[in-house]
Amino acid sequence: MSVLVPNDPKSAERVSRLDVGGAIKDAAVATVVAFGLFSLMLGLLTQPGPSGQLTISERPKLLIVSLIVVFVGRFLVAIFTRSLRVPLISRLISPKLSTSFRQLERFAAPALLGFALVVPVLFYSNRYLLDLAILVLTYTMLAWGLNIVVGLAGLLDLGYVAFYAVGAYSYALLAKNFGLSFWVCLPLAGILASFWGIMLGFPVLRLRGDYLAIVTLAFGEIIRIVITNWQDFTGGPNGISGIPRPSFFGIPFTSDPEGFAALFHLEFTPTHRVVFLYYLILALALITCAVTIRLRQLPIGRAWEALREDEIACRSLGVNTTNTKLTAFATGAMFAGFAGSFFATRQGFISPESFVFMESALVLAIVVLGGMGSQLGVAVAALVMLGGFELFRNFEQFRMLIFGAAMVGIMVWRPRGLVATRTPSVYLEKKKDIPAAIVEEARQ
Amino acid sequence: MSETARDTILDVQHLTMRFGGLVAVNDLSFKAARGKITAIIGPNGAGKTTVFNCITGFYQPTEGMLELTHATGKHFLLERMRDFKIAAHARVTRTFQNIRLFAGMTALENLLVAQHNHLMKASGFTVLGLVGWPGYRHAKREAIDRARFWLDRIGLLARADDPAGVLAYGQQRRLEIARAMCAEPVLLCLDEPAAGLNPREAHELNKFLLAIRNETGTSILLIEHHMRVVMEISDQVVVLDYGQKIAEGSPAEIRGDPKVIAAYLGVEKEEVA
Amino acid sequence: MEYFLQQLINGLTLGSIYALVAIGYTMVYGIIGMINFAHGDIFMVGGFLALIAFLGLLAIGVTAVPLALFLVLIVAMLLTALYGWTVERIAYRPLRGSFRLAPLISAIGMSIFLQNYVQIAQGARVKSLPPLVTGAHVLMDSGKFVVQLTNIQIVIIVTTTVLMLLFSWMVSSTRLGRDMRACEQDLKMAALVGVNTDRTISLTFVIGAALAAVAGIMYLLYYGAIDFFVGFVAGVKAFTAAVLGGIGSLPGAMLGGLMIGLIETFWSAYFSSEYKDVAAFSILILVLIFMPTGILGRPEVEKV
């Protein structure tokens with residue numbers, strides 16, 4: 001954690017006078033660098049002209065504004081750090097925040113859960129919000145699943161979306177070709193996804209962490225390319241449409257006399273299905289969360305965390321590290337498979353476009369931001385990242401930009417995420433949270 | 001089986017380990033007696049840790065045979081087994097020169113990870129554990145009791161719920177030994193357990209290691225620089241220099257061996273004498 | 001036979017581009033042991049900067065192609081190097097000593113950031129440029145198939161070869177090269193004996209980015225088009241090249257780049273072009289599983 005606090009606390013006491021000159025110098029240097037970076041990229045715009053040839057136009061205003069932003073921003077940061085001698089952000093996000101967040105968790109988690117349960121009642125007439133809530137929950141479930149692999153076992157999986165795709169295509173193909181119901185397909189999709197997880201994991205899990213990450217990325221891309229090009233089986237780039245919609249345990253959500261509305265003497269409305277889908281994904285997400293919490297307290301979960309801390313020590317104690325990693329991988333993949341089949345039945349249409357690397361990166365970003373290992377942190381991150389951005393729809397194009405910047409920022413300032421403390425899985429006398437600085441990743 | 005074979009827990013025969021052109025261990029043979037403390041000593045770079053890494057499966061020896069015999073007569077050829085299998089089946093566990101605790105986990109959790117294989121079986125490979133099977137809960141209670149016992153032995157019962165990373169250096173060394181003991185080894189390999197300890201701590205360590213040998217019957221293989229530790233507690237000493245065995249015998253014999261003194265001359269002569 | 005020869009030329013051209021990018025991966029990995037995931041995007045930024053610089057030169061009346069190309073090369077290399085420096089300064093330097101996956105996650109964030117930055121700044125559409133370097137030499141004409149070596153291919157192969165020679169000389173014979181090799185052996189020890197490690201690491205990123213910029217220009221000239229997403233796939237392939245050659249090894253990166261270029265070209269020519277990326281990705285997986293040290297890499301002994 002030396003990265004966070006390079007100066008000893010005492011130096012903060014030596015508050016010097018405001019060093020304006022130094023700050024201006026820093027800001028000037030940053031502005032010169034920014035001019036180099038932005039002059040061509042922001043100052044000039046390439047666009048196809050009337051004849052189709054690329055033409056170039058100037059954007060002096062944009063360039064000047066961005067340079068001013070850099071100057072002022074760097075100046076403020078510099079004046080703050082130069083006079084207080086502490087990095088700006090680590091002051092803003094103090095380690096205490098994470099501890100107080102833990103205390104908050106005890107109340108916030110049930111409150112959030114209660115809120116999630118009544119969302120369809122509160123926003124019954126707001127179809128748009130319900131759809132958004134379903135989206136948030138889908139990503140929360142995916143992030144919880146990935147959290148098992150990344151947060152607990154410390155394995156960086158960049159191809160997570162591949163298992164999501166396996167789940168979605170399994171459901172779509174099984175339901176369309178064999179007419180199996182959602183409730184039969186759901187476990188099958190999970191099993192198939194974790195089967196693929198094992199197939200991939202077996203040969204590659206003995207690789208070092210960063211190699212493993214790249215291999216999973218390659219695997220994810222291979223799956224996507226195969227899906228795109230295997231026309232006969234997957235429908236290729238056009239995807240699969242007309243995927244059977246979910247039924248209420250056999251009762252379809254239609255306006256027919258045998259439909260859900262008629263049977264329960266309700267007036268038919270498509271919202272019934274949306275509400276049902278909402279509760280379905282809520283239940284699936286909660287199962288993911290509950291299973292994760294349970295697994296953490298079992299030997300396998302403890303072995304995952306031990307593996308993250310020190311693989312060599314694990315092997316010296318007789319832990320079969322390959323199998324342990326494999327179970328983490330397969331469990332994570334299984335939940336992605338569940339989420340995938342939910343995605344397919346909700347959309348009614350799937351295509352390879354939904355399973356690109358960016359999706360894996362998005363889910364990873366949620367896990368990283370929320371704090372690896374904290375269930376509530378991950379859920380809040382999903383809510384803020386997906387819900388928050390829907391509030392500012394005009395800035396849609398900036399979403400991934402900010403995601404990328406946030407991933408860098410989190411790694412620089414709080415490498416274990418916003419909620420970085422760790423709760424012990426077992427205790428003798430008193431459960432004491434372990435500060436983030438001590439929850440260290442493996443050292444090899 | 002002959003009586004002598006029964007008395008030998010580990011039989012190292014013609015062990016050789018080469019890294020490219022470098023010969024770290026050259027044709028080393030020795031026997032470690034059951035229920036005894038065997039020390040491997042030698043100057044820095046003599047190949048002691050390499051021997052350990054071969055015994056515990058972290059390195060695949062270039063040549064040689066490492067035969068481990070349980071009291072039941074069961075044989076294991078360690079050079080053919082992978083590291084985690086050696087710990088799980090042959091029941092050889094170890095500590096590391098630069099302590100390898102799970103720093104972010106509590107002392108108690110560290111000791112439970114050591115009982116992983118046993119607990120995994122009890123939890124029905126997680127399936128039964130997930131549904132709260134009573135058999136698993138019982139096994140977990142037993143595991144915690146065992147951990148409590150060892151924590152008490154090393155004087156860290158009060159620190160059970162603190163992360164291993166915040167413990168003092170000497171406490172971490174003891175915890176690592178306790179963790180290795182929780183895996184119920186027949187052979188415990190300690191890589192410089194007294195390194196960095198003050199004289200009082202080193203003395204306590206001696207008592208602790210003797211207690212382990214006397215009470216549990218666990219055989220101990222020890223790499224050590226601290227001559228006081230070696231001379232006080234070992235039953236048998238093997239001296240390595242440049243990857244080769246230069247002497248073997250009781251502490252008293254080693255103390256007077258001119259070859260040993262020569263190897264240590266000018267370095268740790270005072271300590272040897 | 002003619003067809004084969006033609007594919008060989010095409011493969012070597014493509015491989016040259018990959019090799020230039022692969023050097024950036026392998027140098028950074030050699031020195032600080034991290035996969036600079038954003039390096040592919042630096043390559044893309046280099047291509048874009050070249051495109052903009054070229055159009056800018058046209059707009060101010062520099063129309064002579066060789067002069068324009070030379071200026072573009074200089075401008076793109078300098079500015080891309082600045083990008084490389086900034087990325088290291090912001091996203092990687094503060095992470096030294098952090099947990100082992102942190103730099104990789106940060107690099108992924110940086111890669112996402114750069115892609116979207118270019119997309120927002122210059123638009124998502126493919127930018128195409130009319131061919132600048134035209135003309136070809138017919139090497140063989142069997143009547144059925146003409147084997148030709150285009151001028152642009154000559155430019156690419158010659159530029160790459162010259163840069164490689166220059167670069168190899170720099171690593172083996174200059175002060176900076178010696179510092180780099182020292183850092184690669186042991187970062188801490190190098191710092192102890194007076195090597196300015198921060199500066200050396202910075203310069204490694206700068207040089208890697210400058211080489212990637214050249215690769216970006218070559219890519220732009222060869223394919224005549226570029227978009228904000230090309231860095232991702234090209235980056236993974238160049239990384240594959242670095243791994244295949246043996247990561248950390250400079251001759252390995254060059255060899256690996258050429259091999260990946262050849263494999264991809266022949267795969268497209270004789271099997272299917274849809275699956276050409278699968279070929280590269282599969283090689284990556286297979287090499288990492290069965291030959292993690294690559295062709296020219298040194299084996300790593302696990303430290304216990």
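Values in this document were obtained by computation on a predicted structure and should not be read as measured data.
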Side chain to side chain donor-acceptor pair (under 3.5 Å): which pairs involve residues 48-60 of chain C, sequence neighbours left out? none
Minimum heavy-atom distance C:Ala209-C:His39, with the two atoms named: N-CE1, 4.2 Å
What part of A:Ile410 gets within 4.5 angstrom of chain C, counting heavy atoms only: side chain, backbone, both, or neither? neither
Can you say whether A:Leu207 sits under 4.5 Å from chain C via the side chain, the backbone, both, or neither, judging by heavy atoms? side chain
Checking heavy atoms, do the side chain of A:Phe357, its backbone, both or neither come under 4.5 Å from chain C? side chain
Between C:Phe281 and A:Phe219, ring centroids under 6.0 Å: no
What about the rings of C:Phe48 and C:Phe228, do their centers lie closer together than 6.0 Å? no
So which part of A:Arg59 gets closer than 4.5 Å to some heavy atom of chain C, the side chain, the backbone, both or neither? side chain
Between the main-chain N or O of C:Arg199 and the side-chain N or O of C:Ser202, is there a donor-acceptor pair closer than 3.5 Å? no
Most contacts with chain A, counted as non-hydrogen pairs under 4.5 angstrom, among C:Val278, C:Ile289, C:Leu49: C:Ile289
Given heavy-atom pairs under 4.5 angstrom as the criterion, report whether the side chain, backbone, both or neither of A:Ile56 touches chain C. side chain
Between C:Val236 and chain A, which part of the residue has a heavy atom less than 4.5 Å away: side chain, backbone, both or neither? side chain
Measure A:Leu217 against the heavy atoms of chain C and call it side chain, backbone, both or neither at under 4.5 Å. side chain
